[in-house]
Structures are given as structure tokens and as C-alpha cells.
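Worksheet: the structure to be examined is printed underneath.
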Protein chains: 2
Amino acid sequence: MTPSAQSAQPRRSDATRAAILRAARERFAADGYERATIRAIAADAQIDPSMVMRYYGSKEGLFAAAAEFDLRLPDLTSVPPARLGEVLVRHFLARWEGDETLVALLRAASTNPGAAERMRGIFADQLTAAVAAFGTDRALTARRAGLVASQVLGLAFTRYIVRLPPMVDTAPDELVAWIAPTLQRYLTGTPPS
Amino acid sequence: MTPSAQSAQPRRSDATRAAILRAARERFAADGYERATIRAIAADAQIDPSMVMRYYGSKEGLFAAAAEFDLRLPDLTSVPPARLGEVLVRHFLARWEGDETLVALLRAASTNPGAAERMRGIFADQLTAAVAAFGTDRALTARRAGLVASQVLGLAFTRYIVRLPPMVDTAPDELVAWIAPTLQRYLTGTPPS
DNA sequence: GTCTATAATTCGATAGAC
DNA sequence: GTCTATCGAATTATAGAC
């Protein structure tokens with residue numbers, strides 16, 4: 001039995017794979033899907049471009065691996081009901097700032113159908129599931145989640161992609177103070193007639 | 001004097017130019033900047049690709065001409081103060097639905113720096129100017145405009161780009177009812193301490 | 001004004017030596 | 001596992017005939 005004969009082959013080339021993924025996320029986040037080239041990603045990771053193909057099969061396969069993402073939403077039932085909006089904005093802001101994967105996904109979703117599909121899945125599944133914790137009307141739950149997504153993605157789009165000066169310059173805490181009531185109403189507000 | 005010797009040369013080739021711009025807007029809106037090729041645009045407009053270059057110089061020049069846009073914001077001082085949010089959402093929704101130029105700009109802004117710059121200009125100039133009609137604090141005015149942009153662009157991004165099902169399926173009137181209070185607060189609400 | 005032909009790049013992907 | 005060499009396709013852009 002080899003020293004590393006465990007279940008899922010802990011190869012020593014895992015470091016290379018990780019370096020590729022890190023470089024890929026950076027490039028996809030900075031340039032979008034089309035402009036991010038396998039050659040450039042390989043150069044950033046200081047490996048040969050053909051290794052990227054060997055490990056991930058194709059550019060789409062690489063993106064799929066690099067864009068794996070979990071929103072890590074907290075259990076909303078354990079949050080004081082009046083602070084739902086605040087907790088959610090703060091969580092999303094921290095998630096956007098701390099992991100460029102979401103920016104890569106956001107930028108790629110604009111032009112790449114597969115990335116858009118992945119984005120739909122993340123928000124339809126993870127966010128809708130979190131919102132479904134309170135409220136039984138499925139259509140209404142989906143609508144609430146969609147509205148929350150519209151504000152959260154708009155925040156990300158204006159702050160990280162288009163970089164509108166007022167949205168870039170404003171401190172996170174002040175953004176939270178402005179936007180929290182919006183999410184609070186989308187989550188718990190009375191639906192319009 | 002030729003029959004059409006007026007001020008700004010009303011050439012008969014203007015029809016061709018218009019057809020090119022229309023096809024360009026469609027392609028840029030559907031595919032984004034990189035995937036929209038001059039060849040495909042020319043094919044849509046049923047002309048030779050070289051004519052596009054002759055008329056607009058380069059792909060960037062074509063995009064710059066096709067992405068010319070005016071939000072046509074109404075004078076907000078003549079709107080009942082309590083209905084500001086509603087008027088604004090409704091106006092934006094109609095503007096998005098009726099003119100694919102904004103979708104083209106939105107999609108291209110994700111990957112093309114020039115398009116992002118144009119987007120910044122449109123929202124920083126036109127929207128900020130409209131918001132400046134009430135309120136004298138310039139920093140606060142810019143922030144209000146940025147927040148409005150974040151929600152409006154998020155609405156467009158989720159509805160027209162990512163196409164989140166709940167945002168696509170919901171009728172415009174209901175979207176207005178949900179989102180109007182958000183814009184109302186961003187425009188007229190008391191700033192957080 | 002319109003079109004053909006092609007230059008000059010660049011990219012994703014493959015084949016195969018070592 | 002890693003790298004060299006290269007294919008084949010697609011792109012923007014240009015030159016020049018008609």
C-alpha cells in the first residue's frame with residue numbers, strides 16, 4: 001500500500017490544480033469568460049497551458065471547477081426576525097469581498113450561458129431554500145428570494161463590476177444601513193394587493 | 001446645388017447605417033461585446049462586413065455608436081413627492097423593455113472597460129442630475145443616485161441577463177409595487193446616522 | 001460605394017516525444 | 001506527469017479591384 005493510498009487519491013499534483021483554480025478565478029473575475037484565456041491563466045499559475053487542458057478537459061470544464069460556490073447562508077430561523085435584512089446584507093457583502101469567485105461568476109454570467117445557468121441555480125436553490133424557512137406560499141417565497149437577489153446582485157454589479165463611484169466609496173457599514181431595510185421588506189413585508 | 005444639399009448631408013446611405021446600428025444593438029444585447037462579431041452583425045443587416053469598418057472604423061467605434069443612450073428621465077420636481085419611487089421604477093422598466101440598447105450596454109459593461117465607463121457616465125450624469133433637483137448635499141445626492149442605480153440595475157440584471165425565473169415571471173405592475181418603496185426611501189429617506 | 005481577397009493575430013484543442 | 005510543436009478555426013482589420 002502506498003503512503004497515500006486513501007480514498008480519493010491525495011496526489012501531490014493537487015497543489016498544481018489548486019494554483020490553476022486560483023489563477024482561473026482571478027482571470028475570470030477580472031476579464032470575464034471570453035477574455036480570460038487558458039494561456040494567461042497558465043502563465044499566472046506558472047505552468048504549461050496544456051496542463052490546464054489535461055486537468056480540466058476544456059475551458060468550460062475549468063470554469064465549472066473554478067466557479068464552484070456556496071453562499072454559506074446562515075440559518076435564517078435563528079436570526080432575530082427584525083434583523084433579517086441587516087444580517088443578510090452584511091453576510092453578502094462579506095461574501096463578495098472575501099471571495100472573488102462570486103465576482104468571476106457575476107462577470108461571466110453576463111456573456112456565458114453556462115455561467116448564467118450556474119448563477120440561476122445558486123440563487124434559486126440556496127437563497128430560495130433559506131427564505132423558505134419562513135412562509136409556506138411557494139410562489140411568494142420565490143418572489144421574495146428573487147427580489148432579494150435583485151438588490152444584492154445590483155449592489156455587487158454597481159460596486160465590483162461597473163464600479164459606480166458612490167457605490168465604491170461608501171463604507172460597508174453605511175451600505176448595510178441603507179440596504180438592510182430593503183431586504184427586510186422583501187423578506188417579511190406584506191405583498192402588494 | 002444637389003437636391004439634398006442641406007446642412008448635415010442627408011445621404012441615402014443613412015438607411016444602411018441605421019440598419020447596421022440596429023443589428024449591432026441586437027447582437028451586443030444578445031451576445032455581449034466579445035461574442036458579437038462584425039461578421040454576424042453585417043449578416044443580420046444584410047451588408048458586407050467591410051462596410052461596417054468603413055462606416056464605424058472599428059468594432060469599438062461601432063459599439064460606441066450603437067450604445068448611445070439617453071435615459072430620458074422625467075423632471076423629478078414635477079412629480080408628486082410621495083410618488084417619486086413609483087414613477088422612477090415604472091420609467092426604468094419601460095425604458096428597459098422598449099429599447100434593447102440598455103441591455104446591450106449592461107451586458108457589455110461586464111467585460112468591456114469602455115462600456116463600463118459609458119455606463120458610469122450615464123448613471124453618474126443623468127441620474128445624479130435628476131436626483132440633484134432636490135437636496136443640496138452633493139455627496140448625499142451622489143449616494144442616493146448610486147443606491148437607486150444599484151436596485152434598478154439589479155432588477156435589469158436579474159430579469160434580462162441572468163433571467164432568474166421569479167424576476168422574469170412577475171408582472172411589471174407587481175415589480176413596481178415591490179420596488180417603488182425601495183427607490184422612494186433611497187431618494188427621500190433619512191440618511192443613517 | 002461595394003465587394004473580394006487576404007494579411008496578421010489569437011485562441012482552444014490535440015498529438016506525441018520524453 | 002510535463003512539455004514542444006502545431007493544427008484548424010475564428011477574429012479584426014486592411015489593401016485594392018471594380
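Below, chains carry the letters A, B, ... as their sequence lines are ordered, and counting in each starts from 1. Both backbone and side-chain heavy atoms feed into the values below; hydrogens, waters and symmetry mates do not.
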Exercise for the section: Starting from the C-alpha separation in whole Å, work towards a yes-or-no answer on salt bridge (charged side-chain N to carboxylate O under 4.0 Å, His left out) for B/Arg159 and B/Glu97. Expected result: CA-CA 10 Å; B/Arg159 186 173 166 92; B/Glu97 304 269 348; 3.1 Å; yes
Practice task
State the CE-CD1 distance between A/Met51 and A/Ile41, to the nearest 0.5 angstrom.
Solution key: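 Separation between the atoms: 15.0 Å.
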Exercise for the section: Could you tell me the separation between the CZ atom of A/Arg27 and the CG atom of A/Leu62, rounded to the nearest 0.5 Å? Expected result: 12.5 Å
Between [N] ([atom2]) and [X] ([atom1]): distance, integer Å:
| X | N | atom1 | atom2 | value |
| --- | --- | --- | --- | --- |
| B/Met51 | C/dT2 | CE | P | 4 Å |
| B/Asp31 | D/dT11 | CG | P | 11 Å |
| A/Glu34 | C/dC11 | CD | C1' | 12 Å |
| A/Arg35 | C/dG12 | CZ | P | 13 Å |
| B/Ile20 | C/dG1 | CD1 | P | 11 Å |
| A/Ile47 | D/dG1 | CD1 | C1' | 12 Å |
| A/Asp48 | D/dT6 | CG | C1' | 13 Å |

Between the protein and nucleotides 13-18 of chain D, are there any N/O to N/O pairs under 3.5 Å, and if so, what are the atom names and distances?
from   : atom 1 : to      : atom 2 : distance (Å)
D/dA13 : OP2    : B/Lys59 : N      : 2.9

Problem - Mutual orientation of the aromatic rings belonging to A/Phe28 and A/Tyr33 [parallel < 30°, tilted 30-60°, perpendicular > 60°] - result: parallel
Practice task
Classify the angle between the aromatic ring planes of A/Phe123 and A/Phe92 as parallel (below 30°), tilted (30 to 60°) or perpendicular (above 60°).
Solution key: parallel
Handout entry: Axis bend over the full length of the helix from C/dG1-D/dC18 to C/dC18-D/dG1, computed from five pairs that close each end, to 10 degrees
Key =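 End-to-end axis angle for the helix from C/dG1-D/dC18 to C/dC18-D/dG1: 10°, rounded to 10°.
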Problem - Partners meeting side chain to side chain donor-acceptor pair (under 3.5 Å) with A/Thr101 (sequence neighbours left out) - result: A/Asp99
Handout entry: Donor-acceptor side-chain pairing of B/Thr111 and A/Arg35 below 3.5 angstrom
Key =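 No, A/Arg35 and B/Thr111 have no side-chain donor paired with an acceptor closer than 3.5 Å.
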Handout entry: Beyond-backbone contact of A/Asp173 with A/Arg90, side-chain heavy atoms, under 4.5 angstrom
Key =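 Side chain of A/Asp173 against side chain of A/Arg90, heavy atoms only: contact under 4.5 Å found.
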Practice task
May I ask you to test the A/Thr188-A/Pro81 pair for a side-chain heavy-atom distance under 4.5 Å?
Solution key: no
Practice task
Look at all strands and tell whether B/Tyr56 reaches a base, only sugar-phosphate, or nothing, counting heavy atoms closer than 4.0 Å.
Solution key: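 B/Tyr56: no heavy atom of the nucleic acid under 4.0 Å.
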